[in-house]
2 protein chains.
Amino acid sequence: MKGGGGVLTERQFEVVFSVVYEYIQTGEPAGSRTISKKYLPGNSPATIRNDMADLEEMGYFYQPHTSAGRLPTSRAYRLYVDSVIQRRRPAPAETEMWKREIREQKQGVDAILTYVSQLLGKATNCVGVAALSALEGIELQRVSFVRLGGTTVMVLIVLEGGLVHHANIQLPCELSQDTLDELGRKISTVAAGHAWGEVRDALFNFVFDGLERVWDTCRDALTQIDAILNKRSSRLFVGGAQHILNLPDFQDIGKFQTVLSVLEQEQALAEMVERYSIDQGVSVTLGEEISEEMKDCSLVLVPSQGYGMKTILGLIGPLRMDYEKSISILESIAEDLDDSLAN
Amino acid sequence: MKGGGGVLTERQFEVVFSVVYEYIQTGEPAGSRTISKKYLPGNSPATIRNDMADLEEMGYFYQPHTSAGRLPTSRAYRLYVDSVIQRRRPAPAETEMWKREIREQKQGVDAILTYVSQLLGKATNCVGVAALSALEGIELQRVSFVRLGGTTVMVLIVLEGGLVHHANIQLPCELSQDTLDELGRKISTVAAGHAWGEVRDALFNFVFDGLERVWDTCRDALTQIDAILNKRSSRLFVGGAQHILNLPDFQDIGKFQTVLSVLEQEQALAEMVERYSIDQGVSVTLGEEISEEMKDCSLVLVPSQGYGMKTILGLIGPLRMDYEKSISILESIAEDLDDSLAN
DNA sequence: CATTAGCACTCCTTTGAGGCGAGTGCCAAT
DNA sequence: ATTGGCACTCGCCTCAAAGGAGTGCTAATG
């Protein structure tokens, strides 16, 4: 065999690629005859068979039973996906329609992201995910405090795009609502129109006129706001889960149930999305690379930072996903989202 | 045949009840022999058969094929459920544990209701639903406004229990952030500690010192807040959807897919919950009584108004639900929720 | 007249054998 | 190194037969 030591010959690569492609298209194990006829007509089935046997030994394929065709292993998927990612992809035909539909969502970032996650699901037959992360990079509009009783205070943070974030904090000493209002007003005056990251230091050094007496408490409040805004991936939108039931891969109830239970763990899901996304461009994470639970799924993510907001869009679908199509849809919708957020 | 004109004899009722019960327990069509032996040992299978034939004619049963047992129609379910609702139900054994677990959720009403909906799902193998409605009855803590630009203003309403509600409104004329702050402060002063319903009229007649110049605009803001708080069922929590896949009834992917698509329509679902719940006590709505889409499901709801908040807890499950168990679990958890909200 | 035992009949479900076909592995020829 | 040929494997489909649960009907019974 050629290409020992893990390096594949040109033809071997073509065989792997074709088998994965064929399997993605048909859902059936691919045989040597089919590959020869459809993808490598210059080579006879016997030649392909020999390569396939070698490639199986190298861990790219496996057979569900002796007399069946080959199925790709995750190693084969990895090779395929890496190759697909590098190619140029045509933009999907529906781009214009999506752009228009996304633009029509006017009721704030929440609504847009909910809509986008559902749209992703519908368009790809996968589960759509939209995560909003790194809140500290988004422009602030307003910070205010509501006294809930004792030293418990609710912090309300309004961010650019109508995004509202709230959390309860404990202050070291009790402040009146008037004092809290004053503090909120002063913070807002300094911070409005800037990202938290930009004004954090300034605020910590800021002398709040009239609040010197409670300086420590104010600092404490700022520290806690800092913690809230630094918490990553704080908003997650999931949509279109019903569509993956259209796929033959999830006819098996057990598999789908696993996915569903993952989807309900918002926190864990958010961390997963955060962990596997890369700074720029599409990332694909396959089955076992994610976790035992997700072994039948793959996770396609693309980050985008339009308009000061760092969002991550993603798909959760079967390993046997049409990566080419899914990735181009995902990229296209990510772009539409950026456009939409920018107005 | 006895009991013509739609009135059932005692025994006929028993037969209907037993068939439904047996079907709920086993998931199999019930035959005359089984019913005779297990539920009506004083009567021979032949007698039961005669009754069954009559009852089938009356629309209580149908047969999947000639030589199979009987299955209940929705008419039979209705009879069964109405009878079950009236009986006394034993409290489930896990009550204490649930109460403790619900109490441990400290992070506000949102978190409690999310948790409760998931708990409901897990405990009953149905989809758990928790709706928070009639916000106008909940005590207000704070109202404030954030200027988003032009005449667009965000209203932030903080309710008792750390519930935050926000919406964007359009005002007839532009106000500065300072003016908006002043308005928010004045409204809050009047309204804090009261339900909107109590102070609505007072607020409309209130003269906002220093804001006379923008009196009309203030009134408009109040009107819009009124609309926001009157919108029914404004928060909905759904949880535990994965559990209904444990049930044999949802092994059919198509059925589950329908349910899932209903669950993703938050608005429609909220209206459904609102419409079918009754003022007091458990209500059960069956399949076709709800909608064509939900023909294989039943909806069990129980309202509770502890602590000024009107909540509705519910289950969405198969028609072949163990109503006795589900209802007692639902009632028990509703009670635990009330307790938990009251502290 | 309601109830019951007996019995023929229906129809679904399971089981097993046989044939088909897709696909492989290996060998010998090119 | 590549290819054609060939025997072999194994899942899947079909078909017929057997099995069984349940019914409807009829005639007997208290």
Side-chain angles (χ1 to χ4, degrees), chain A residues 1-4 7-16 18-20 22-23 25-58 60-73 76 248 251-252, chain B residues 1-4 7-16 18-20 22-23 25-58 60-73 248 251:
Chain A
M1 94 175 134
K2 241 195 209 170
V7 182
L8 300 183
T9 64
E10 174 78 13
R11 196 183 60 216
Q12 283 177 322
F13 174 82
E14 287 297 332
V15 171
V16 174
S18 306
V19 169
V20 177
E22 177 69 11
Y23 179 59
Q25 297 300 322
T26 66
E28 299 295 321
S32 55
R33 211 182 116 79
T34 317
I35 298 298
S36 161
K37 268 214 295 200
K38 286 172 79 169
Y39 305 102
L40 296 162
N43 304 77
S44 82
T47 312
I48 308 293
R49 263 207 293 287
N50 288 330
D51 279 343
M52 278 176 152
D54 293 343
L55 289 163
E56 175 155 6
E57 218 170 298
M58 292 189 242
Y60 287 97
F61 301 138
Y62 71 97
Q63 291 178 280
H65 56 86
T66 330
S67 69
R70 256 75 176 198
L71 292 175
T73 61
Q251 294 307 85
D252 174 7
Chain B
M1 93 176 135
K2 241 194 209 172
V7 182
L8 300 182
T9 65
E10 175 77 15
R11 196 184 57 217
Q12 283 177 320
F13 174 81
E14 288 295 332
V15 171
V16 174
S18 306
V19 168
V20 178
E22 177 69 11
Y23 179 59
Q25 297 300 322
T26 66
E28 300 295 321
S32 55
R33 211 181 115 81
T34 317
I35 298 298
S36 162
K37 268 213 296 203
K38 284 172 83 167
Y39 305 101
L40 296 163
N43 303 76
S44 81
T47 312
I48 307 295
R49 262 205 296 285
N50 288 331
D51 279 345
M52 279 177 152
D54 292 344
L55 289 163
E56 176 155 3
E57 218 168 299
M58 289 188 244
Y60 287 97
F61 301 139
Y62 71 96
Q63 292 179 279
H65 54 87
T66 330
S67 70
R70 256 74 177 196
L71 292 174
T73 61
Q251 294 307 85

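A note on names: the letters A, B, ... follow the listed sequences, proteins ahead of strands, and every chain is numbered from 1. Not measured: the values here are computed from a predicted model.
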OP1, OP2 of [N] versus side-chain N and O of [X]: anything below 4.0 Å?
X	N	answer
Arg11(A)	dA1(D)	no
Arg70(B)	dG22(D)	no
Ser67(B)	dA21(D)	no
Thr47(B)	dA2(C)	no
Ser44(A)	dT3(D)	yes

Whole angstrom is fine here: how far is it from [atom1] in [X] over to [atom2] in [N]?
X	N	atom1	atom2	result
Glu56(A)	dC26(C)	CD	P	12 Å
Asn43(B)	dA5(C)	CG	P	11 Å
Leu40(A)	dT3(D)	CG	C1'	15 Å
Glu28(A)	dA22(C)	CD	P	12 Å
His65(B)	dG22(D)	NE2	C1'	9 Å
Tyr62(B)	dT23(D)	OH	C1'	17 Å
Ile48(B)	dT4(C)	CD1	P	8 Å
Gln63(A)	dG23(C)	CD	P	11 Å

Which atom names give the shortest non-hydrogen contact between [X] and [Y], and what distance separates them?
X	Y	answer
Val19(A)	Arg70(A)	CG1-O, 3.9 Å
Ala68(B)	Gln63(B)	O-NE2, 3.0 Å
Met52(A)	Phe61(A)	O-CD1, 4.0 Å
Tyr62(B)	Pro72(B)	CE2-O, 3.7 Å

Legend entry - Polar pair under 3.5 Å, donor/acceptor by atom type, side chain Arg33(B), base dG22(D): no
Which of these nucleotides, [options], is closest to any side-chain atom of [X]?
X	options	value
Thr66(B)	dT10(C), dG11(D), dT3(D)	dT10(C)
Asn50(B)	dT4(C), dG24(D), dG23(C)	dT4(C)
Ala46(A)	dG23(C), dT3(D), dG24(D)	dT3(D)

Inset, instruction - Evaluate whether atom CZ of Arg11(B) has more than 12 neighbouring non-hydrogen atoms of other residues, nucleotides or ligands under 6.0 angstrom away. - result: yes
